[in-house]
Number of protein chains: 2
Amino acid sequence: MPQTDGTTSAFDAATAVTRTGDGGLVADLDPGWDVGGGVLNGGYLLAVAARAALAVSPHPHPVALSAGFLAATGPGPASLAVTPGPAGRTLAHASVVLAGAAGPSLTAQVTTATLTDAPPEWSAVPRPSATPVDDCLAPDEVAPPDRGGQVGLRTHVQTRLDPLTSGWVRGRPGTEPVVRGWLRLADGRDPDPLALLLFADALPPTSWATGRYGWVPTVQLQVLVRALPAPGWCLAEARAGEVAGGWLDEDYRIWDATGRLVAQSRQLARAPR
Amino acid sequence: MPQTDGTTSAFDAATAVTRTGDGGLVADLDPGWDVGGGVLNGGYLLAVAARAALAVSPHPHPVALSAGFLAATGPGPASLAVTPGPAGRTLAHASVVLAGAAGPSLTAQVTTATLTDAPPEWSAVPRPSATPVDDCLAPDEVAPPDRGGQVGLRTHVQTRLDPLTSGWVRGRPGTEPVVRGWLRLADGRDPDPLALLLFADALPPTSWATGRYGWVPTVQLQVLVRALPAPGWCLAEARAGEVAGGWLDEDYRIWDATGRLVAQSRQLARAPR
């Protein structure tokens, strides 16, 4: 998707997949999309995997993507092994295995179809009341006070956290593992289904909202894309349903600038100590 | 899991996987677990896929399973191609492809680990008020009035629907796509993580609650198993979040007899016309 000025967006460049001479697909994973420690963001990797599935699909959009995170993925060259499944007029299936120098690190099932922005017939997922974007925290306020330094992800995904769920940023954690914020690509590219895959893992961990600032590695993540998003900011809200036995789930709901539900995700992650 | 009388439960027999001479895994899919039209229930197939993953795992329980339903699966011999992923002390990954005579029909990523029944550290998913099981609908009242005949699934999964969400069974559909009911294996086998995979797709479609009685094929389904269930009935509640563009999501939450959350699932399905 070229920008209106004819340039390629940083997101499109960083998630590009290329067909090699022998028919395989490869990507050059960009070190700038990290979440610290040289580890790339899960949502960024989902967008790369979805592009690989779209390369073999008659349909233009990911509607459902389920990923297993086998290992942390670092930057650099990666191969994308795609196994096409049945493809019909309504939808197509594909399995994707992303492998870097250290071997396979992500497996994904991707269902592709054609999404629209037609209004829902029925919805029980209204956009919550949220602080207007201009009254939210500044884009550099996305980490607990004792954590220095921005991670690469935040330079690419502009994140304006709702102060109502972000006391922890200023040293006042709450009791609920809920984080809400407005998201958009920092390069000005408007959201589309691929960007929604990125956004579905782009908020800080919900456990941070309760003052537990450890690492929260994703084990499995499913994203459903429900409609084409309108241009502008998306509002994302992440909630943990239960923390138990060293595991937690995180549920994301994402609404576009018109208030329309455009994506849902759920992940199982390891809980921080 | 032998029954207390030493016999094998119908569920365990129907989901058994066997290693062949060449090291592969096979199953004989039981025609008795159908949902009509010779199509087997999705949750039944998840349990079979999970058994295949457990056969190569050092861990005893599925904790996360994401499946893509490539095509309807009928009864008969099936192969289970398992690709083990990384396995550590906490968890192990595997990919499973189930194929019958017509080719691959289900792909699944399965994460295995060791679950406990230790109480949660935090939970926002309390069991809802539900009608006590003895005051719920009879086990044969699980279909709209114009649908004759029991499907095989119901002879194996005893289903007592809550009358509060089941007006449609008696010709009075409601406005909310919500279905709630008590579930247990009809052979008396107590629930375990494998049975929870079955239960995560065992209620009637939520669209039936609103009087739309068409076929609702699952496209992708993720199940998270959160704890070992206590013996006895489980309560399951399914809710559609949004119906739009020919798609709907269904969210399941399952609590055990003590009221503990033991599983969550979300699926994307095609909406009935």
Side-chain angles (χ1 to χ4, degrees), chain A residues 63-71 83 85-86 90-91 93-95 97 103-104 107-111 113-125 175-178 210 219-222 224 226-227 239-249 251 253 261 264 266-268 270-271, chain B residues 63-71 83 85-86 90-91 93-95 97 103-105 107-111 113 115-125 175-178 210 219-222 224 226-227 239-249 251 253 261 264 266-268 270-271:
Chain A
V63 293
L65 189 155
S66 298
F69 289 81
L70 310 184
T83 306
T90 303
L91 60 90
H93 292 277
S95 294
V97 179
T107 59
Q109 291 145 206
V110 187
T111 306
T114 301
L115 289 163
T116 72
D117 61 359
E121 294 168 53
W122 189 85
S123 181
V125 194
T175 56
E176 284 210 314
V178 177
T210 62
V219 175
Q220 286 200 20
L221 170 58
Q222 180 200 60
L224 309 183
R226 305 306 306 274
R239 290 182 172 270
E242 183 154 305
V243 184
W247 305 90
L248 64 87
D249 63 293
D251 241 34
R253 295 164 170 193
L261 178 75
Q264 301 160 283
R266 181 177 286 146
Q267 65 175 267
L268 185 70
R270 293 293 299 165
Chain B
V63 294
L65 190 154
S66 298
F69 290 82
L70 311 184
T83 306
T90 305
L91 60 90
H93 292 276
S95 294
V97 178
S105 58
T107 61
Q109 291 145 204
V110 188
T111 305
L115 289 163
T116 72
D117 60 359
E121 295 166 54
W122 189 85
S123 181
V125 194
T175 56
E176 285 211 314
V178 176
T210 62
V219 175
Q220 285 201 21
L221 170 57
Q222 181 201 57
L224 308 183
R226 305 306 307 274
R239 287 182 175 271
E242 183 155 306
V243 184
W247 305 89
L248 65 87
D249 62 294
D251 240 35
R253 295 163 171 194
L261 178 75
Q264 301 160 283
R266 181 177 287 146
Q267 67 174 265
L268 185 70
R270 293 292 299 165

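To find a chain, count down the sequence lines: A is the first, B the second, and so on, and within it residues start at 1.
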Requested in this report: Please name all residues satisfying side-chain contact (heavy atoms from CB on, under 4.5 Å) with B:Ser105, sequence neighbours left out, ordered by chain then number.
Outcome: B:Ala71, B:Thr73, B:Leu98
Query raised in the report: What heavy-atom pair brings A:Trp122 and B:Gly241 nearest, and what distance separates the two atoms?
Result: CZ3-O, 3.7 Å
Query raised in the report: Which one of B:Gln222, B:Gln109, B:Arg239 has the most heavy-atom pairs closer than 4.5 Å to chain A?
Result: B:Gln109
Query raised in the report: So, the side chain of B:His93 versus the backbone of A:Gly68: is there a donor-acceptor pair under 3.5 Å, distance only?
Result: no
Query raised in the report: Relative to chain A, which of B:Ala113, B:Ala67, B:Ala227 shows the most heavy atom pairs under 4.5 Å?
Result: B:Ala67
Query raised in the report: Taking all atoms of both residues into account, what is the closest heavy-atom pair of B:Arg270 and A:Thr90, and its distance?
Result: CZ-CG2, 3.4 Å
**Report entry** Per-residue contact mode, B:Leu224 against chain A (heavy atom under 4.5 angstrom)
**Finding:** side chain
Report task. List the atom of A:Arg226, the atom of B:Leu268, and the distance in Å for their closest heavy-atom pair. Result -> NE-CD1, 4.1 Å
Report task. Check each atom of A:Asp251 against the heavy atoms of chain B and say whether the ones under 4.5 Å are side chain, backbone, both or neither. Result -> side chain
Report summary line: Most heavy-atom pairs under 4.5 Å with chain B, out of A:Arg253, A:Glu121, A:Gln264, A:Gln220, belong to A:Gln220
Requested in this report: Find the one option among A:Gly85, A:Ala118, A:Ala244, A:Pro119 whose heavy-atom pairs under 4.5 Å with chain B are most numerous.
Outcome: A:Ala244
Report task. Would you mind checking which part of B:Ala64 comes under 4.5 Å of any heavy atom in chain A, side chain (CB onward), backbone (N, CA, C, O), both or neither? Result -> both
Query raised in the report: Among B:Pro104, B:Pro177, B:Ala108, who wins on heavy-atom pairs under 4.5 Å with chain A?
Result: B:Pro177
Query - Contact class of A:Ala271 relative to chain B, heavy atoms under 4.5 angstrom - result: neither
Report task. Counting only heavy atoms closer than 4.5 Å, note whether A:Thr175 contacts chain B via side chain, backbone, both or neither. Result -> backbone
**Report entry** Under 4.5 Å from a heavy atom of chain A, the part of B:Val63 involved
**Finding:** both
Query raised in the report: So which of B:Ser123, B:Gly246, B:Ala124 has the biggest tally of heavy-atom pairs under 4.5 Å with chain A?
Result: B:Ser123
Report task. Measure across B:Leu91 and A:Trp247 and return the closest heavy-atom pair with its distance rounded to 0.1 Å. Result -> CD2-CH2, 3.6 Å
Report summary line: When the 4.5 angstrom heavy-atom criterion is applied to B:Thr116 and chain A, the contacting part is neither
